[in-house]
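Read the structure below first, then the notes.
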Amino acid sequence: MTALIAGILRLDGAHANERTVREMLEAMAPSSLPTTTAVCSSGPFAAGVIRIGAAYAAYDRSSAHSGDGAAIAADMVLYGDRTPTLSDLSALISRDGLRAVADLQGDFAIAHWTGSELLLIRDHLGVRPLQYVIKPGQFCAFASLPRALLQTGLADRVLDAEVLRAFPVSVCAPGERTYFQQIRSVLAGHALRVTKAGISRTQRYWRLPLGRLMSARTNPDEIAEELRHLLDQAVRRRLPIKGPVAGHVSAGLDSSSIAVLAARAMASRGHAFIGVGYHELADPSGVKALDELDRAACLEDAEPNLSIHGVPAAAPIEQLATLDPDTLLTFGPEDPEEQALSIAVRHGAQVMLSGWGGDEVVTWRSHGNLAELFWSGQWDALISALRTRSRRSGASVLSIVRSAILSESLPLPLRDLIRSRHNQETASWLTDIQAMVPPASREAMQHLPGRPTLADSRRERRGWLEHWYLPERLETFVQRGARHGVQYAFPMLDLDLLRFAVTIPAVLLKDCNGNRAIFRRAMKGILPDELRLNTIKMSPLPHETLRQSRAKADIVNGLHAMRQNALVQRFVDIDGVAAYVQQIREPDEILAWIEEHTARGEQVTTYELYHLHVLRLAWYLHLHGTEAE
């Protein structure tokens, strides 16, 4: 089951019409699945929730409620010990404001009307989406998905030009912006306040607390034991009451660990864990590259309660032809994630577990932050770490201090200036992408904020967690899952797990076996060693370059057909994309390269694919584009 909300606050003094809310909810409902709706209203405010599929969680509080002049609608699943009813939560918010939601353990999008003010609240990390449009003197309308605002005419279908210019690099709409000029998104960990007069302001109600940094002398085995306990707890919290559960599986640490823990927990209930991962089929020539599922197959051998299903890639052009007008996502049946959802539903699973969000904090790929030891005054640990790194690398202690402490401690503008003087300011991949777009887009790409690099790894990890990319990526899962009645859940974003993991000193996150050292210790006895100790991430679909090479003529012909489209030409340099596609190596050369690496048991890394997101933008504008401001 998944749930979505929608509603409206009249700013012109009129009473809200519940029929408008029902139309918004119906716009988000898939036609092939059973749904139930609940709508409430109070004067100028009306809101509701639509539940798609059957309830799956013990603490699913998705519903709508009104009373005593207040009203609330929520798409909400709680995982912790605090599980207030919706009416109780409404009373708590009326009494305590945003403090009432700061400690909730769960995923939620909440609309709360106090009688004088509307609060639109998005969960701590942005798992559940919440978007809105404000038309001064008329209304503030909100919904989980943009479709509810666009298809009911509450928001005009005018694209956001600044978002489109940066899209080939961002691959999403950063921050509060969306693809549509009038629609904004409530930020993760924030609430939007809207008064009856239409005055609005955004307020942060939560940030990951950094806590006290552990001593670098702490026993790594003790840290690993607590980390394993918290991850197991996070997985169990997100399991359905009944029926099987599905999840992403790859050769990576995050998804594999979640899959095994879930499979073991589900065994006592008599249900299997349905693992789904991308799988490369053999080429007609007989050549098949090693992929993620080849390496992850050992999980199925080791865990009798886990079954893994492979999902193949889609053909390039056919996939682009299924782009959705409201989301820029491909929703065709051949899309890999759509296939994954279909497999989950076919096996009766209504929950899809994912390892997304692990890299940001829990399994952060640290280089071993020596500056953190310096600034936290852990001198003995710092000296020991310096000697160890010097012995392993052959570099002098002084040069390590200069590069790993002094450089990392500089203010970011000064650090960037120094790196630019050493010709490190522009990555080659960005240069390739910029050659496929007009000058205005190149400038927009340069101003996209990157993820922070700080001397204090706790602040760096929190900065990664708060970067706009993560909630935008989570939002795409909700948009897909709603079409199938499937709820995505992310154990790596459990608040208890995050609070603990962010206090682990970065210097302990790397040892002689590579990065993520503590987590690898934690997964001893959970993951087979061939996965637990593996440091090479496999490509999920290693034949993708081959597919693009074989489709070159079709891609170029499709681009030429867009030449008369002024909107496409405004955001895409058609000749630049065509030239880039033409330089992709020929199929025979790529096949030989794949066969050579596979024969040696090596992974094949995709390459020459920087045109993909530019191409998606061109196709979207050609199929669905109207105007952009």
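Just the heavy atoms: all of them, side chains too, but no hydrogens, waters or symmetry mates, feed the values below.
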Quick test of your reading: applying salt bridge (Lys or Arg N to Asp or Glu O under 4.0 Å), list the pairs with at least one residue in residues 338-355, sequence neighbours left out, ordered by first then second residue.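 Qualifying pairs: Glu338-Arg480, Glu338-Arg483.
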Tell me whether the centres of the aromatic rings in His624 and Tyr179 are closer together than 6.0 Å. no
Between [atom1] on residue [X] and [atom2] on residue [Y], distance to nearest 0.5 Å:
X	Y	atom1	atom2	answer
Asp335	Thr330	CG	OG1	3.5 Å
Leu125	Asp107	CG	CG	8.5 Å
Leu621	Leu159	CG	CG	6.5 Å
Asn565	Leu623	CG	CG	9.5 Å
Leu4	Leu25	CG	CG	8.5 Å
Leu546	Ser285	CG	OG	7.5 Å

For [Y], is there any backbone N or O sitting under 3.5 Å from a side-chain donor or acceptor partner on [X]?
X	Y	value
Gln339	Glu334	yes
Arg570	Ala628	yes
Glu608	Arg585	yes
Arg157	Leu150	no
Ser256	Ser250	yes
Ser144	Ile5	yes
Thr598	Glu595	no
Ser62	Ala3	no
Gln182	Asp156	yes
Asp294	Asp291	yes

Quick one, [X] and [Y] - any side-chain contact, counting heavy atoms below 4.5 Å?
X	Y	result
Ile555	Val577	no
Tyr132	Ser200	no
Tyr488	Trp356	no
Phe180	Val133	no
Asn515	Thr363	no
Val186	Phe142	no
Pro168	Met445	yes
Val77	Arg128	no

Using 30° and 60° as the class limits, which term best fits the ring planes of Phe108 and His124: parallel, tilted or perpendicular?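 Aromatic pair Phe108/His124 classed perpendicular.
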Using the ring of each side chain (for Trp, its six-membered ring), is Trp464 parallel, tilted or perpendicular to Trp364, with breaks at 30° and 60°? perpendicular
Non-hydrogen atoms of [X] and [Y] that approach each other most closely:
X	Y	value
Ile52	Ala482	CD1-O, 3.6 Å
Ile594	Ala289	CG2-CB, 3.6 Å
Met562	Gly558	CG-O, 3.3 Å
Glu544	Ala313	OE1-CB, 4.2 Å
Pro540	Glu292	CB-OE1, 3.5 Å
Gln319	Ala314	OE1-CB, 3.3 Å

Residues, nucleotides or ligands: over 12 heavy atoms within 6.0 Å of Gln583 CD: yes
Any ring-ring contact (aromatic ring centres under 6.0 Å, His included) involving residues 556-581? Give me the pairs, sequence neighbours left out, ordered by first then second residue.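 Output for this query lists Tyr580-His611.
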Which pairs, with at least one residue in residues 309-347 and sequence neighbours excluded, count as a ring-ring contact (aromatic ring centres under 6.0 Å, His included)?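 As it turns out, the ring-ring contact (aromatic ring centres under 6.0 Å, His included) pairs with a partner in residues 309-347, which skip direct neighbours, are His309-His347.
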Arg616 charged N/C atom sitting above Tyr620 aromatic ring, 6.0 Å / 45°: no
For side chain to side chain donor-acceptor pair (under 3.5 Å), just list the numbers for Asp326 and Gln151, CA-CA rounded to whole Å, side-chain angles, deciding distance to a tenth of an Å, and then say yes or no. CA-CA 9 Å; Asp326 302 324; Gln151 295 192 3; 3.3 Å; yes
So among Arg550, Arg547, Lys288, which one has a salt bridge (Lys or Arg N to Asp or Glu O under 4.0 Å) with Asp283? Arg550
side-chain contact (heavy atoms from CB on, under 4.5 Å) between Arg563 and Gln569, intermediate numbers included: CA-CA 7 Å; Arg563 285 193 177 278; Gln569 291 190 345; 4.2 Å; yes
Test Ser185 against Gln131 for side chain to side chain donor-acceptor pair (under 3.5 Å), laying out the working first. CA-CA 4 Å; Ser185 180; Gln131 301 182 349; 4.6 Å; no
Taking it one step at a time, do Arg295 and Leu290 satisfy side-chain contact (heavy atoms from CB on, under 4.5 Å)? CA-CA 8 Å; Arg295 180 161 286 166; Leu290 295 174; over 6 Å; no
I'd like to know whether Leu474 forms a side-chain contact (heavy atoms from CB on, under 4.5 Å) with Leu493, so could you lay out the CA-CA distance, the side-chain angles of the two residues, the decisive distance to 0.1 Å, and finally the verdict. CA-CA 11 Å; Leu474 301 178; Leu493 296 178; 3.7 Å; yes
What's the verdict on side-chain contact (heavy atoms from CB on, under 4.5 Å) for Arg516 and Asp359, showing C-alpha distance, side-chain angles and the deciding distance? CA-CA 9 Å; Arg516 310 186 186 196; Asp359 288 352; 3.0 Å; yes
Could you tell me if Glu337 and His248 have a donor-acceptor pair between their side chains, going purely by distance under 3.5 Å? yes
